[in-house]
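Below, read A as the first sequence line, B as the second, and so on, with proteins coming before strands; counting in each chain starts at 1. Just so it is clear, the values below take in all heavy atoms, side chains as well, and ignore hydrogens, waters and symmetry mates.
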Amino acid sequence: MAVLRLPEPFDFELSTERFRAFGPDLANLWVDGALHRVVGRREVRIEPARGGVRVEPLDAETRPVVLKLLGAEFDLGAFYRWARRDPVLRRLTRELVGFRPPLAPDPFETLIGSITAQQVSMFAAFAIRNRLIERFGRRAEHAYAFPTAKRLRDATQDKLTALGFSGRKAEYVLGLAQEPVDLRELAELPDDEVKRRLVSIRGIGEWTAIWFLARHLARPRAWPIGDLALDKAVRTLYPEAGDPRAFGERFEPFQNLSAHYLLTGLRLQV
DNA sequence: ACCCAGGCATTGG
DNA sequence: CCAATGCATGGG
């Protein structure tokens, strides 16, 4: 059996909740209790198993992607020990034991996804993103491979606005598809440098850059300043909180995991 | 018919 | 430096 072990604790349902919470996600598709995603040319099926997940096919190409996707790199033990000192996080970490924030394995996909989510509701964002995937991605068996930069170079302003992008966002997507910078090399750079380079690209502001650090690079200290949902979660769970921007320091050095637990905690009403 | 939702660039003080 | 503005969709 092709079982991929994940560090304990791990809760499959909780960790994949985001892929279902806002409607279907054609690139991370829920099919009969399993998560489907295209890696390279092949569709991979990921389902819960004792001690981890059953992955089909499991090999040198799919293994690292699945580990990334399921947040295997987070050190939950250290986070949980640290969280005991904060009453809110102590409760959330106990309610959400084994929740590993799902990560976006591909940098281009991460940025395009964030652009679609700028300013609109997550339901609207997922709807538009799914139409982009259907139109410019490649379907495998059930799931789709997210559109590559190369494929999106065939897009035009009109084709993108027809999918629901605003004119401005269509420009951002086209610009990013032409962008010569190698997004993969950002992984080697410190947080501030990644942020500086990303923000210099049109359509990418502070919010998008920080989510890239958090959700693609899994940087522990990424704290999504300016995120409406996170601000709301902070105001709800910490009524005494002042400026959410400064409030992130409270979670040093676990801002990323804290943000994910606050958001998911609020969404699941725990 | 509103209003709000996991922002951003642009413009004008 | 900060405030105001337009943007397109989905859900309430």
Side-chain angles (χ1 to χ4, degrees), chain A residues 16-28 71 92 96 99 101-104 109-135 155-179 194-219 222-238 241 243-248 251 255-270:
Chain A
T16 57
E17 176 265 350
R18 188 187 142 79
F19 299 128
R20 302 182 296 271
F22 309 103
D25 175 344
L26 295 184
N28 302 286
L92 287 176
L96 303 175
F99 167 56
L103 296 178
E109 176 178 345
T110 306
L111 292 176
I112 298 295
S114 286
I115 288 169
T116 66
Q118 287 168 5
Q119 139 80 32
V120 299
S121 70
M122 292 305 286
F123 285 95
F126 268 65
I128 294 166
R129 178 171 170 275
N130 280 339
R131 290 198 287 267
L132 180 76
I133 292 170
E134 280 185 299
R135 178 69 180 76
T156 62
Q157 181 85 9
D158 287 350
K159 288 177 183 172
L160 292 176
T161 52
L163 302 176
F165 285 90
S166 64
R168 204 55 91 66
K169 284 189 185 179
E171 292 173 19
Y172 301 160
V173 169
L174 291 174
L176 197 56
Q178 319 284 352
E179 183 63 45
V194 174
K195 202 166 150 186
R196 198 182 64 74
R197 293 198 191 189
L198 286 178
V199 168
S200 73
I201 299 171
R202 189 154 180 274
I204 299 179
E206 185 175 33
W207 176 87
T208 303
I210 298 174
W211 271 120
F212 183 92
L213 289 168
R215 192 165 275 138
H216 174 60
L217 296 179
R219 297 292 168 88
W223 176 252
I225 288 161
D227 185 289
L228 270 180
L230 183 58
D231 287 358
K232 183 176 164 191
V234 167
R235 285 198 312 274
T236 303
L237 297 166
Y238 298 89
D243 178 18
R245 195 179 186 99
F247 202 67
F251 304 116
Q255 287 93 329
N256 189 359
L257 280 167
S258 298
H260 276 96
Y261 272 75
L262 293 174
L263 281 168
T264 302
L266 198 72
R267 197 159 64 227
L268 298 181
Q269 312 265 20
V270 306

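Gln118(A) places its CD atom 17 Å from the P atom of dG10(C), with the value rounded to the nearest Å. In this structure, Leu132(A) atom CG and dT9(C) atom C1' are separated by 15 Å, rounded to whole Å.
Among pairs with a residue in residues 116-129 of chain A, those fulfilling side-chain hydrogen bond (donor to acceptor under 3.5 Å, both in side chains) read Asp25(A)-Arg129(A), Gln118(A)-Thr208(A), at least two apart in sequence or across chains. Every pair passing salt bridge (Lys or Arg N to Asp or Glu O under 4.0 Å) that includes a residue from residues 159-171 of chain A is listed here, sequence neighbours excluded: Glu171(A)-Arg202(A). Screening residues 259-268 of chain A for salt bridge (Lys or Arg N to Asp or Glu O under 4.0 Å), with sequence neighbours left out, gives Glu17(A)-Arg267(A).
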Write out a two-atom table: protein N or O, nucleotide N or O from nucleotides 2-5 of chain C, distance below 3.5 Å.
none

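In terms of heavy-atom proximity, Gly203(A) sits nearest to Ile115(A) at O-CG1, 4.1 Å. What you find for Ala125(A) and Ala117(A) is that their closest heavy atoms are CB-CA, 3.6 Å. Residues Gly164(A) and Arg131(A) share a closest heavy-atom pair of CA-NH2, 4.2 Å.
With hydrogens and angles disregarded, no donor-acceptor distance shorter than 3.5 Å links the side chain of Thr264(A) to the backbone of Tyr261(A). Without hydrogens or angle criteria, Asn256(A) side chain to Ala222(A) main chain gives no donor-acceptor distance under 3.5 Å.
Ring pair Phe99(A)/His260(A) is tilted by interplanar angle, where 30° to 60° counts as tilted. Below 30°, between 30° and 60°, or above 60°: for Phe251(A) and Phe247(A) the angle between ring planes is above 60°, a perpendicular geometry.
Of the residues in residues 121-131 of chain A, Ser121(A), Met122(A) come within less than 4.0 Å of DNA chain B through at least one heavy atom, sorted by number.
Among the heavy atoms of the strands lying under 4.0 Å from Gln119(A) is at least one base atom, whether or not backbone atoms are also near. Using a 4.0 Å heavy-atom distance criterion, Ile204(A) is classed as a sugar-phosphate-only contact. Across all strands shown, Leu228(A) has heavy atoms under 4.0 Å from sugar-phosphate atoms exclusively, and none from any base. Residue contacts shown for Thr161(A) are absent, as no nucleic acid heavy atom lies under 4.0 Å away.
Bounding nucleotides for the chain A contact on DNA chain B, 5' to 3', at a heavy-atom distance below 4.0 Å, are dA5(B) to dT10(B).
On the P atoms, dG6(B) is 22 Å away from dG6(C), given to the nearest whole Å.
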With side-chain contact (heavy atoms from CB on, under 4.5 Å) as the test, would you mind laying out the steps for Arg219(A) and Lys195(A) before giving the verdict?
CA-CA 12 Å; Arg219(A) 297 292 168 88; Lys195(A) 202 166 150 186; over 6 Å; no
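Of the residues near DNA chain B, Ala209(A) and Val120(A), the one whose nearest nucleotide (by heavy atom distance) lies more toward the 5' end is Val120(A).
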